[in-house]
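Okay, structure first, notes after.
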Amino acid sequence: MMSWANESIIEDFVLLGFSDQPWLEFPLFVVFLTSYIVTIFGNFNIILVSRLDPKLHTPMYFFLTNLSVIDLCYITCTVPQMLVNLRSIRKVISYGGCVVQLFMFLALGATECVLLPVMSFDRFVAICRPLHYSVIMHQRLCLQLAAVAWIIGFGNSVWLSILTLQLPRCGHYVIDHFLCEVPAMLKLSCVDTTANEVELFFVSVIFHLVPLTLILISYAFIAQAILKIQSAEGRQKAFGTCGSHLIVVSLFYGTAISMYLLPPSPHSKDPRNMVSLFYGIIAPMLNPLIYTLRNKEVKEAFKRLIKRFYLTKN
């Protein structure tokens with residue numbers, strides 16, 4: 001056990017990334033840097049507008065603010081290190097940096113897995129129980145639901161991170177990935193990792209398929225309620241409030257399921273590495289764009305905020 005512990009103390013890990021395709025590194029650097037700036041700007045604006053505009057002080061935008069915080073943290077725990085490595089000869093990450101990245105990537109992903117069905121429950125109550133919405137979705141319940149999502153997400157990450165990091169690596173330190181992620185870390189182990197892979201699969205089913213099933217059930221009831229609405233304007237407004245969330249759900253769970261629940265590729269380059277780029281970089285960038293471009297309330301809140309800022313300056 002002492003030798004295993006000593007082996008686990010490594011100064012640096014090597015992240016291979018696109019080392020075998022160096023011609024891709026500069027274009028990817030530009031793409032990732034642009035995605036990072038857009039994600040920071042978009043999610044920060046959603047948080048700012050949701051907090052400063054009184055008309056957006058509702059459960060829907062409270063949960064959307066939580067989603068934006070997750071996306072901000074998500075992309076910040078991965079992209080800066082990737083940008084450094086893309087422009088460096090030595091593609092390395094410190095042991096501590098790898099541990100933090102592994103833990104945060106797991107924690108934030110699991111938190112979002114729980115938060116998305118909570119958001120669908122909010123839409124279910126708003127459309128199917130509109131007269132009781134303010135009574136059911138009171139501030140205390142919203143805070144409790146958000147807290148449960150964060151606690152479950154970080155609790156799951158503590159467990160899986162410990163199980164992964166305690167595996168002996170026998171001197172292996174080259175990670176065939178762009179970041180420190182559980183499947184890539186398991187490949188470094190010099191012992192049988194079947195138990196860890198089964199545990200990861202079991203956790204993935206709980207955090208991906210179960211929430212997705214709950215979301216689909218919620219939207220089945222929502223669709224029934226919308227079809228009963230008499231006015232076309234009312235149906236359009238109801239579909240509008242749910243459409244953005246459904247797109248985000250499709251992007252998130254589609255990539256997550258393909259990354260964690262599909263069998264690994266027999267080839268040396270696992271295509272799931274590319275999926276994780278979309279999961280951890282592109283999706284957080286698209287989320288604020290989806291909510292702002294499709295949401296009339298958010299666009300009007302932006303206009304009011306800009307107008308208020310302009311009047312204050314003059």
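Atom set for the values below is all heavy atoms of this structure, side chains included, hydrogens, waters and symmetry mates excluded.
- Screening Ile217, Leu216, Ile215 for a side-chain contact (heavy atoms from CB on, under 4.5 Å) involving Tyr219 leaves a single residue, Ile215.
- Ser161 has its side chain out of reach of Val99: every pair of non-hydrogen atoms, C-beta onward, lies at least 4.5 Å apart.
- The two residues Asp12 and Ser94 have their closest heavy-atom pair at OD1-CA, 3.5 Å.
- Ser189 contributes a side-chain N or O that, together with a main-chain N or O of Pro168, makes up a donor-acceptor pair within less than 3.5 Å.
- In this structure, the side chains of Tyr61 and Ile46 stay at 4.5 Å or more apart for every pair of heavy atoms.
- Across all their heavy atoms, Val174 and Leu188 have their closest contact at O-CD2, 3.0 Å.
- Considering only heavy atoms from C-beta on, Tyr36 comes within 4.5 Å of Thr76 through its side chain.
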Item to check | Stepwise side-chain contact (heavy atoms from CB on, under 4.5 Å) check, Asp71 with Glu112 | outcome: CA-CA 9 Å; Asp71 287 340; Glu112 187 165 349; 3.7 Å; yes
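- Proximity of Pro288 to Asn45: side-chain heavy atoms (C-beta onward) are nowhere separated by under 4.5 Å.
- Remark: the backbone N or O of Val135 is not paired with any side-chain donor or acceptor of His132 at under 3.5 angstrom.
- Atom-to-atom distance recorded for Phe63:CZ and Ser120:OG is 10.5 Å, nearest 0.5 angstrom.
- Within 6.0 Å of CZ on Arg51 lie more than 12 heavy atoms contributed by other residues, nucleotides or ligands.
- For the atom pair CZ (Phe202) and CZ (Phe207), the distance works out to 10.0 Å, reported to the nearest 0.5 Å.
- Side chains of Cys77 and Phe103 form no contact here, defined as non-hydrogen atoms less than 4.5 Å apart.
- Under a 3.5 Å cut-off, the side chain of Asn156 and the backbone N or O of Ile152 do not form any donor-acceptor pair.
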Item to check | Check against side-chain contact (heavy atoms from CB on, under 4.5 Å), Val79 and Ser35 | outcome: CA-CA 9 Å; Val79 172; Ser35 300; over 6 Å; no
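- Classification of Arg304 and Asp53 as a salt-bridged pair holds, one side-chain N sitting under 4.0 Å from a carboxylate O.
- Counting only heavy atoms from C-beta outward, the side chains of Phe26 and Arg87 approach each other to under 4.5 Å.
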Checklist entry - Please walk me through it: do Phe154 and Met104 pass side-chain contact (heavy atoms from CB on, under 4.5 Å)? => result CA-CA 8 Å; Phe154 276 73; Met104 293 301 295; 4.2 Å; yes
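- Heavy atoms of other residues, nucleotides or ligands lying less than 6.0 angstrom from CD1 of Ile89 number 12 at most.
- Closest non-hydrogen pair, Thr39 versus Ile281, comes out as OG1-O, 4.3 Å.
- Linking Ile, Leu, Val, Met, Phe, Trp and Tyr whenever their side-chain heavy atoms come within less than 4.5 Å puts Ile162 and Ile206 in one cluster.
- Connection of Ile127 to Leu214 is not established within any shared hydrophobic cluster, with ILVMFWY side chains joined at heavy-atom distances below 4.5 Å, either directly or through further cluster members.
- Scanning both residues, Pro117 and Pro211, for their nearest heavy atoms gives CG-CB, 3.7 Å.
- Judged by distance alone, the side chain of Thr255 and the main-chain N or O of Phe252 form a donor-acceptor pair under 3.5 Å.
- In this structure the side chain of Glu197 reaches within 4.5 angstrom of the side chain of Leu186, judged on heavy atoms.
- For the atom pair CD1 (Ile47) and CG (Leu52), the distance works out to 11.5 Å, reported to the nearest 0.5 Å.
- Remark: the backbone N or O of Cys113 is paired with a side-chain donor or acceptor of Tyr253 at under 3.5 angstrom.
- Closest non-hydrogen pair, Thr111 versus Gly153, comes out as OG1-CA, 3.5 Å.
- Centroid-to-centroid, the aromatic rings of Phe105 and Tyr74 come within less than 6.0 Å.
- Proximity of Leu72 to Ser68: side-chain heavy atoms (C-beta onward) are nowhere separated by under 4.5 Å.
- Here CG of Leu33 is found 4.0 Å from CD1 of Ile37. Values are rounded to the nearest 0.5 Å.
- Residues Gln101 and Thr78 come closest through the heavy atom pair NE2-CA, 3.8 Å.
- Linking Ile, Leu, Val, Met, Phe, Trp and Tyr whenever their side-chain heavy atoms come within less than 4.5 Å puts Met285 and Leu28 in one cluster.
- Summarising the geometry, atom CE belonging to Met185 is positioned 11.0 Å from atom NE2 belonging to His177; distances are rounded to the nearest 0.5 Å.
- In this structure, the side chain of Asn66 engages the main chain of Phe62 through a donor-acceptor pair within 3.5 Å.
- With hydrogens and angles ignored, the 3.5 Å screen pairs no side-chain donor or acceptor of Ser157 with any backbone N or O of Leu106.
- Checked by atom type and distance alone, the side chain of Lys91 pairs as donor or acceptor with a backbone atom of Asn85 at under 3.5 Å.
- Tracing side-chain contacts under 4.5 Å through hydrophobic residues (I, L, V, M, F, W, Y), one never reaches Tyr95 starting from Val84; they form parts of separate clusters.
- Hydrophobic clustering, with ILVMFWY side chains joined whenever heavy atoms are under 4.5 angstrom apart, groups Val114 together with Leu141.
- Atom CE of residue Met137 and atom CG of residue Leu145 lie 6.0 Å apart, to the nearest 0.5 angstrom.
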Item to check | CA sep, side-chain torsions, deciding dist, call: Phe178, Leu15, side-chain contact (heavy atoms from CB on, under 4.5 Å) | outcome: CA-CA 6 Å; Phe178 321 102; Leu15 294 169; over 6 Å; no
